[in-house]
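Because only heavy atoms are used, hydrogens play no part in the values below, and waters and symmetry mates are left out as well, while side chains stay in. Numbers restart at 1 for each chain; the letters A, B, ... are given by sequence-line order, proteins then strands.
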There are 2 protein chains.
Amino acid sequence: MRLSKTSEYAIRVLSFMATSPERQVFSVMFIHQELEIPYKYLTKIMRMLSQAGMVAATQGREGGFSFAKPLASIKLTEIVAAVEKNADESPCILGFRYCNDQKPCALHPFWLKPKSAIDEMMLGVTLADLDAKSIRKV
Amino acid sequence: MRLSKTSEYAIRVLSFMATSPERQVFSVMFIHQELEIPYKYLTKIMRMLSQAGMVAATQGREGGFSFAKPLASIKLTEIVAAVEKNADESPCILGFRYCNDQKPCALHPFWLKPKSAIDEMMLGVTLADLDAKSIRKV
DNA sequence: TTTAAATGCTACCTATCGGTGGTATTTTAA
DNA sequence: TTAAAATACCACCGATAGGTAGCATTTAAA
């Protein structure tokens, strides 16, 4: 009942960048040192976020990554989708492909409330909603 | 943001058994045929549930598994814990070991509601709460 | 008494996730 | 002009989750 490690990393990075307005460009090495995320793996994640259009890379010395679109337009669900394939294709908690009110799984009625609370967060929260103060980095 | 396949299987099996009061003993072969869960993997799961004390095995021909304690005493959280190690040790959605109101992660305030709705389900729902009618098996 | 049908157990296989190594390319400071 | 510092990319490695094979043991029906 949790996100993949890769999604955790991606959200940590983007929320760190989003709450550091004094800086425009972030190199992988800098992020790696600040957030203690494995350097090589982090380059891979940044490339995925770049290919998804959330951040843009400037190459060469003094290069790095910066946001490619407004913070308010980047939802959590989008971040997860960018780095995770199979970002739950099935909305059923027991993994059934076709589970609905007419033909529900055993947990269907109990899953409705948690599911909607999660959706509300994943679809509703954007990088612009994060509080810059007192955010844990490591 | 979902359960492991193994947890899905375990809950499917136990909810199937719990909502089939006309039958006392369930062989792995029978469950396998009814729920279309891989036979050999299912034997492994049933052994785990047996070792966790939720079900008891009767060996030999005509043997199988039956509940070892009252349905109302088997919570979802217990089922997941029985088949999954690392059944989220960290309550933080970004995986931080020490995340709390004083030193929160970026998503801390947004995760409170989904988290409590999930806990309510995992800790509150037991096998006795399931509706026998119209439950999807496959 | 034999044999079929069940669980118990261990070892292995395969795919995916998390993580590393190495090299090419780009850009700019020295 | 050169070298350092950055991203781009590809191939691989190790751990874990999901799944399989095979055989020993137990029990009861034939």
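- Nearest to the side-chain atoms of A:Arg61 among the listed nucleotides C:dG19, D:dG18, D:dA4 stands D:dA4.
- Rounded to whole angstrom, the span from the CD atom of B:Glu84 across to the P atom of D:dG18 amounts to 8 Å.
- When each of A:Ser27 and B:Arg47 is assigned the nucleotide of DNA chain D with its nearest heavy atom, A:Ser27 is the one assigned upstream, toward the 5' end.
- At a cut-off of 3.5 angstrom, the base of C:dG18 holds no donor-acceptor pair with the side chain of A:Lys44.
- Along DNA chain C, the nucleotide nearest to A:Glu62 and the one nearest to A:Pro38 differ in position, and the one closer to the 5' end is contacted by A:Pro38.
- With DNA chain C read from its 5' end, the first of the two nearest nucleotides for B:Thr58 and A:Ser4 is the one closest to B:Thr58.
- Among the heavy atoms of the strands lying under 4.0 Å from A:Gly60 is at least one base atom, whether or not backbone atoms are also near.
- Taking atom NZ of B:Lys5 as the reference point, atom C1' of D:dT16 lies 16 Å away to the nearest angstrom.
- Taking atom CG of residue A:Leu42 and atom C1' of nucleotide D:dA6, one finds them 13 Å apart after rounding to whole Å.
- In this structure, B:Ile11 and A:Ile93 have side chains that are not in contact, with every pair of non-hydrogen atoms separated by 4.5 Å or more.
- Taking atom OH on A:Tyr39 and atom P on C:dT20, their separation rounds to 12 Å, with Å as the unit.
- One interatomic measurement links the two molecules: CE of A:Met29 to C1' of C:dT27, which rounds to 17 Å at whole-angstrom precision.
- In terms of phosphate contacts, A:Tyr9 brings a side-chain nitrogen or oxygen within less than 4.0 Å of OP1 or OP2 of C:dG19.
- As rounded to whole Å, 13 Å separates atom C1' of D:dG14 from atom OH of A:Tyr41.
- Of the side-chain N and O atoms in B:Gln51, none sit less than 4.0 angstrom from OP1 or OP2 of C:dT7.
- Here D:dG18 is the nucleotide among C:dT7, C:dC9, D:dG18 with the atom lying nearest to any side-chain atom of B:Thr6.
- Two residues are said to be in side-chain contact when any heavy atoms from C-beta on lie closer than 4.5 Å; B:Arg136 and A:His108 fail this criterion.
- No hydrogens or angles were tested; on distance alone, a donor-acceptor pair under 3.5 Å links the side chain of B:Lys40 to the base of D:dG22.
- Comparing D:dA28, D:dA8, D:dT20 by their closest approach to the side chain of A:Phe65 singles out D:dA8.
- The shortest non-hydrogen separation linking A:Ala82 to A:Ala52 is CB-CB, 3.7 Å.
- Going from atom CD of A:Glu8 over to atom C1' of C:dG18 covers 12 Å, rounded to whole Å.
- At C:dA24, none of the side-chain N or O atoms of A:Gln59 fall inside 4.0 Å of OP1 or OP2 (strictly under the cut-off).
- Seen from the ring of A:Phe16, A:Arg23 does not count as a face-on cation partner, given the 6.0 Å and 45° thresholds.
- Between the B:Trp111 side chain and the B:Pro91 main chain, a donor and an acceptor come within less than 3.5 Å of each other.
- Taking atom CZ of A:Arg12 as the reference point, atom P of C:dG18 lies 12 Å away to the nearest angstrom.
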